[in-house]
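Inspection log for the structure reproduced underneath, given as structure tokens.
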Amino acid sequence: MVRITNRFMISSKKFVQGRFGAIRWKAFVDELQPETARCFEGKMNPKEDVDFDRVADVLETVERMFKEDREDILFLLGLHNSEDDLSVTQKLLMKLLSVERILKIAALLWKQRVKNGGEILIERKSRGHVLATVRNFGQPIPQWWDYLTGWFTTAISFAGGKNVKVDWVRGGETRANPAEFSAMWD
């Protein structure tokens, strides 16, 4: 079973509350499965992790409730959560490294944030263009891949990439079918 650190849950709560307010946050929690809603009771430890089923429920509910407000809501959630997950020191250090180096580090961080979730491989295609492949992710859902486009975009932007464009190219329908992302920047 794939497990994700509670950082995802903590950042997602900040995103929904900050963007949509307390009333819509309450409505959001009411729409979650009871097991997921319980995750938001009390203080969450960012170092603990949660079953991906809870993450999937959050992503699916964000999409269902807020997609009318913003078509790219999962991308925006990925942008927010990726930035929220970084400390000020990490953000400063990222500005000193190349985008490709940052993406390789992000691939290593994946193992810390996503337990039993496969791996990310980064392949340089040309200057300002890489192919990121997520292999062996155990519980694929389309919302996760949409979310990751924002996650990758933030990493590239913090490393100095301009006009960043990340697209989920294909795959990820099953564990055996890797998801591929094309990332381009100036």
Side-chain angles (χ1 to χ4, degrees), residues 2 4-16 18-19 46 49 52 55-56 58-59 62-63 66-67 69-115 117-137 139-173 177-186:
V2 176
I4 308 289
T5 61
N6 268 339
R7 286 178 167 87
F8 171 87
M9 302 298 270
I10 293 165
S11 293
S12 295
K13 179 179 180 179
K14 288 179 191 176
F15 175 81
V16 172
R19 190 177 261 292
D49 29 85
F52 188 77
V55 171
V58 167
L59 292 171
V62 163
E63 182 179 55
F66 306 119
K67 194 166 187 171
D69 293 286
R70 283 294 301 252
E71 182 69 25
D72 60 349
I73 195 68
L74 294 172
F75 170 79
L76 294 174
L77 178 65
L79 284 176
H80 172 272
N81 287 8
S82 182
E83 182 174 351
D84 191 57
D85 191 26
L86 297 170
S87 71
V88 173
T89 304
Q90 288 170 322
K91 290 175 188 176
L92 290 171
L93 288 174
M94 288 177 82
K95 299 231 180 256
L96 302 174
L97 300 173
S98 72
V99 173
E100 290 169 24
R101 183 93 168 119
I102 290 299
L103 288 173
K104 289 183 184 211
I105 291 169
L108 295 173
L109 284 175
W110 175 270
K111 296 271 190 200
Q112 293 177 357
R113 303 289 197 258
V114 181
K115 313 289 190 318
E119 62 183 341
I120 297 177
L121 304 172
I122 304 296
E123 177 187 353
R124 183 176 199 245
K125 296 306 231 177
S126 63
R127 181 171 166 76
H129 182 205
V130 297
L131 184 68
T133 304
V134 181
R135 295 190 334 181
N136 298 316
F137 188 80
Q139 294 175 263
I141 61 169
Q143 293 85 355
W144 178 246
W145 307 127
D146 289 338
Y147 168 83
L148 283 183
T149 62
W151 188 81
F152 282 125
T153 298
T154 296
I156 294 168
S157 296
F158 272 118
K162 306 285 185 231
N163 302 314
V164 179
K165 179 75 172 135
V166 177
D167 291 306
W168 169 29
V169 178
R170 68 178 157 269
E173 292 85 10
N177 184 3
E180 293 180 0
F181 295 84
S182 173
M184 300 178 83
W185 64 93
D186 296 333

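A quick note: this is a predicted structure, and the numbers were derived from the prediction, not measured.
- The shortest side-chain heavy-atom distance between V55 and W144 falls under the 4.5 Å cut-off.
- No side-chain donor-acceptor contact under 3.5 Å links W185 to the backbone of K165.
- Shortest non-hydrogen contact noted between G78 and T154 is O-OG1, 4.3 Å.
- Closest approach of I120 and A132 over heavy atoms only: CG2-CB, 4.5 Å.
- With contacts defined as side-chain heavy-atom distances shorter than 4.5 Å, the pair I141/F52 qualifies.
- Taking the side chain as every heavy atom from C-beta outward, V130 and E123 never approach each other to under 4.5 Å.
- Within the 4.5 Å cutoff, side-chain heavy atoms of N6 are placed close to those of M9.
- To the nearest 0.5 Å, the span separating CG on L121 from CZ on R135 amounts to 4.5 Å.
- Looking at F8, F181, F75 one by one, the single match for ring pair (Phe, Tyr, Trp, His ring centres under 6.0 Å) with Y147 turns out to be F8.
- A155 and S82 make their closest contact through N-OG, 4.3 Å (heavy atoms, listed as atom of the first residue, atom of the second, distance).
- In this structure, the side chain of E180 does not engage the main chain of R170 through any donor-acceptor pair within 3.5 Å.
- The distance from the NE2 atom of H80 to the CD atom of E83 is 7.5 Å, given to the nearest 0.5 Å.
- When atom types are taken as modelled, the side chain of K14 and the backbone of D84 share no donor-acceptor pair closer than 3.5 angstrom.
- Residues G118 and W110 share a closest heavy-atom pair of O-NE1, 3.6 Å.
- Between the side chains of T149 and D167, not a single donor N or O lies within less than 3.5 Å of an accepting N or O.
- For the residue pair S182/H129, the side-chain donor-acceptor check at 3.5 Å is satisfied.
- In this pair, W145 and W168 present their aromatic rings tilted. The plane angle is within the 30 to 60° band.
- By the 4.5 Å heavy-atom criterion applied to side chains, D146 and D72 are not counted as neighbours.
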